[in-house]
Participant: 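Next up is a structure, given as structure tokens.
Residue numbers begin at 1 in each chain, while the letters A, B, ... track the order of the sequences.
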Amino acid sequence: MPPRLSRPRRESVRRRLLEWYGKSRRDLPWRRSDDPYRIWLSETMLQQTRVETVVPYYRRFLERFPDLRSLALADEQDVLKQWEGLGYYSRARNLKRAAEMVLRDHGGRVPSDPEALGSLPGIGRYTSGAIRSIAFKQPAPVVDGNVKRVLARLLAEPGLSETRLWELAGQLVEGEHPDLLNQALMELGATVCVPRNPLCSTCPLRRGCAGAATGRPEDFPARAPRPPPRAVRALGGILRSRGRLLLMRRPSRGLLGGLWEIPSVPGDDPGTLVEALRERTGLGSRAGAALGEVRHVFTHRDLTLRVVELERDGGRKRAPAGDAEALWCGSAEIARLPLSRLMHKVLELAER
DNA sequence: AAGCCGGGGTA
DNA sequence: TACCCAGGCTT
């Protein structure tokens, strides 16, 4: 397939983007540094997460872990605690693990070559391109949701493939200031070429934009319908002892991996909960009063968690099984553990 | 290629 | 309510 943009067209788009970005760029914390660690951190936090959401997390995280070494040597629990509420927690676990690898294999310096970068957990094609272009000024393309939308509208082709998008982004970034060019593309998508009601009248690429010419730029790119979150029920138990609460660590893999929660099981059966608790910790219990229900909607799951009191009934008959971690926590310990939004709702319920 | 993985801002 | 966000990983 031939390239979709002629060289003169490419140069025109590049020039207009760079000029627009020079006067329209937002003053964001991560734009005040070329430190590869800081660029990496910001790009990781920004994955599927809005700029306004990230800013306070980015500041706090850097206060706690100001450089790659401090992150590599940190406790994973502390890293997850800093990430608490930001979501997609595998990002935090991967970032911490990757920092360890960089410290061990690259002397603590973030590598600039695509092979080394791409082999780090949590760094895919986009983040690799962002670090290479923004931190190391290499002409490496990025295609995120913003770039995809800008290019899809600019060309207004129905079946624009991912391959072609990366190809186009690669042609555009070739030249001077790859860092500014990539950020200009993303900034335009975030502030002007927005998903709904794009501000075409102020867009530097208005002239020559096929999407704007159709009168319906919102139709690009074509969006796939997302199935509604599936409704599921679960049962959790509040088990207290001498002013403390039993919390358990979720497995590292999967939903809310590494975060802490009250003992919980899928379904609605108290017998299952009691049995699971005995299996995992050896603690005997029986279900008591109902405390209420907490509803929490994830991207693809609509969870209703019923919460009941548990009362101690019998001692440890066997040792805790597998890698299950359980802790009796006072309020001070609870404040130190990473908890999901769902679990914060549960603890509110339990306090009343 | 498609599903899983959070949480929140916005219309 | 529904969409979608500076994506990556797994199957």
Side-chain angles (χ1 to χ4, degrees), chain A residues 21 25-26 28-31 38-58 80 83-95 97-98 117-135 140-151 161-163 165-166 169 173 179 181-191 193-198 218 221-230 232 250-259 261 295-303 338-345:
Chain A
Y21 185 64
R25 59 184 287 177
R26 292 169 290 178
L28 302 174
W30 45 88
R31 290 185 175 161
R38 295 185 175 220
I39 303 297
W40 179 12
L41 173 65
S42 70
E43 293 300 340
T44 303
M45 285 187 163
L46 285 163
Q47 287 166 12
Q48 296 293 289
T49 311
R50 286 185 163 73
V51 165
E52 314 82 66
T53 305
V54 166
V55 169
Y57 279 90
Y58 175 81
L80 282 171
W83 211 271
E84 182 184 279
L86 199 52
Y88 288 130
Y89 298 95
S90 66
R91 292 184 294 177
R93 296 193 307 272
N94 285 336
L95 182 65
R97 195 154 60 90
L117 268 179
S119 70
L120 295 171
I123 297 187
R125 198 172 180 184
Y126 165 79
T127 306
S128 171
I131 294 173
R132 289 174 60 204
S133 61
I134 299 173
V142 296
V143 175
D144 70 338
N146 292 309
V147 176
K148 180 175 182 175
R149 191 167 52 252
V150 169
L151 295 182
S161 69
E162 295 292 321
T163 303
L165 282 168
W166 280 94
V173 80
D179 52 335
L181 196 287
N182 277 344
Q183 292 182 84
L185 267 175
M186 295 190 279
E187 188 83 342
L188 188 68
T191 63
C193 195
V194 290
R196 280 161 301 187
N197 303 320
E218 299 94 334
R223 23 182 153 161
R226 194 198 303 258
R230 189 165 59 89
V232 292
R250 293 178 62 87
S252 292
R253 311 276 179 159
L255 186 69
L256 305 175
L259 273 59
E261 65 177 4
R295 182 162 178 244
H296 190 76
V297 181
F298 301 97
T299 301
H300 60 285
R301 204 154 301 178
D302 185 345
L303 172 68
L339 306 172
S340 67
R341 296 286 300 167
L342 165 66
M343 212 39 56
H344 279 288
K345 294 181 195 173

Participant: C1' atom, C:dC9 versus B:dG8: distance in rounded Å?
Facilitator: 23 Å

Participant: Decide whether A:S133 and A:D179 meet the rule of one side-chain donor and one side-chain acceptor closer than 3.5 Å.
Facilitator: no

Participant: On DNA chain C, reading 5' to 3', which nucleotide is the first and which the last to sit with an atom under 4.0 Å from a heavy atom of chain A, could you check?
Facilitator: C:dC3 to C:dT10

Participant: Does the separation of the ring centres of A:W30 and A:Y58 fall below 6.0 angstrom?
Facilitator: yes

Participant: Answer with base, sugar-phosphate or nothing: what part of the nucleic acid does A:R93 contact at a heavy-atom distance below 4.0 Å?
Facilitator: nothing

Participant: Nearest nucleotide by nearest heavy atom, which residue falls closer to the 5' end of DNA chain C, A:I123 or A:Q183?
Facilitator: A:Q183

Participant: Residues two or more places apart in sequence or in another chain: which of them pass side-chain contact (heavy atoms from CB on, under 4.5 Å) with A:E261?
Facilitator: A:R250, A:S264, A:M343

Participant: Using atom P in both nucleotides, what's the gap between C:dA6 and B:dC4 to the nearest angstrom?
Facilitator: 24 Å

Participant: Over all strands shown, is A:T127 touching base, sugar-phosphate only, or nothing at heavy-atom distances under 4.0 angstrom?
Facilitator: sugar-phosphate

Participant: At under 4.0 Å between heavy atoms, what does A:W83 touch on the DNA or RNA strands: base, sugar-phosphate, or nothing?
Facilitator: nothing

Participant: A:P56: which residues meet the side-chain contact (heavy atoms from CB on, under 4.5 Å) condition with it, sequence neighbours left out?
Facilitator: A:R60

Participant: Quick one: closest heavy-atom pair of A:R26 and A:R31, and the distance?
Facilitator: O-NH1, 3.0 Å

Participant: Of all heavy-atom pairs between A:L86 and A:Y89, which one has the smallest distance, and what is that distance?
Facilitator: N-OH, 3.9 Å

Participant: Mind checking side-chain contact (heavy atoms from CB on, under 4.5 Å) for A:H344 and listing every partner two or more places apart, or none if nothing turns up?
Facilitator: A:E84, A:L339

Participant: Determine whether the aromatic ring centres of A:H300 and A:F298 lie less than 6.0 Å apart.
Facilitator: no

Participant: How far does the C1' atom of B:dG6 sit from the matching atom of C:dC3, given to the nearest Å?
Facilitator: 15 Å

Participant: Scan A:P121 against the nucleic acid and name what it touches under 4.0 Å (heavy atoms): base, sugar-phosphate only, or nothing.
Facilitator: sugar-phosphate

Participant: Who passes side-chain contact (heavy atoms from CB on, under 4.5 Å) against A:R223, sequence neighbours left out?
Facilitator: none

Participant: Walk along nucleotides 3-11 of chain B from 5' to 3' and tag each nucleotide B, S or - by protein heavy-atom contact under 4.0 Å, base first, then sugar-phosphate.
Facilitator: -SBBBBB--

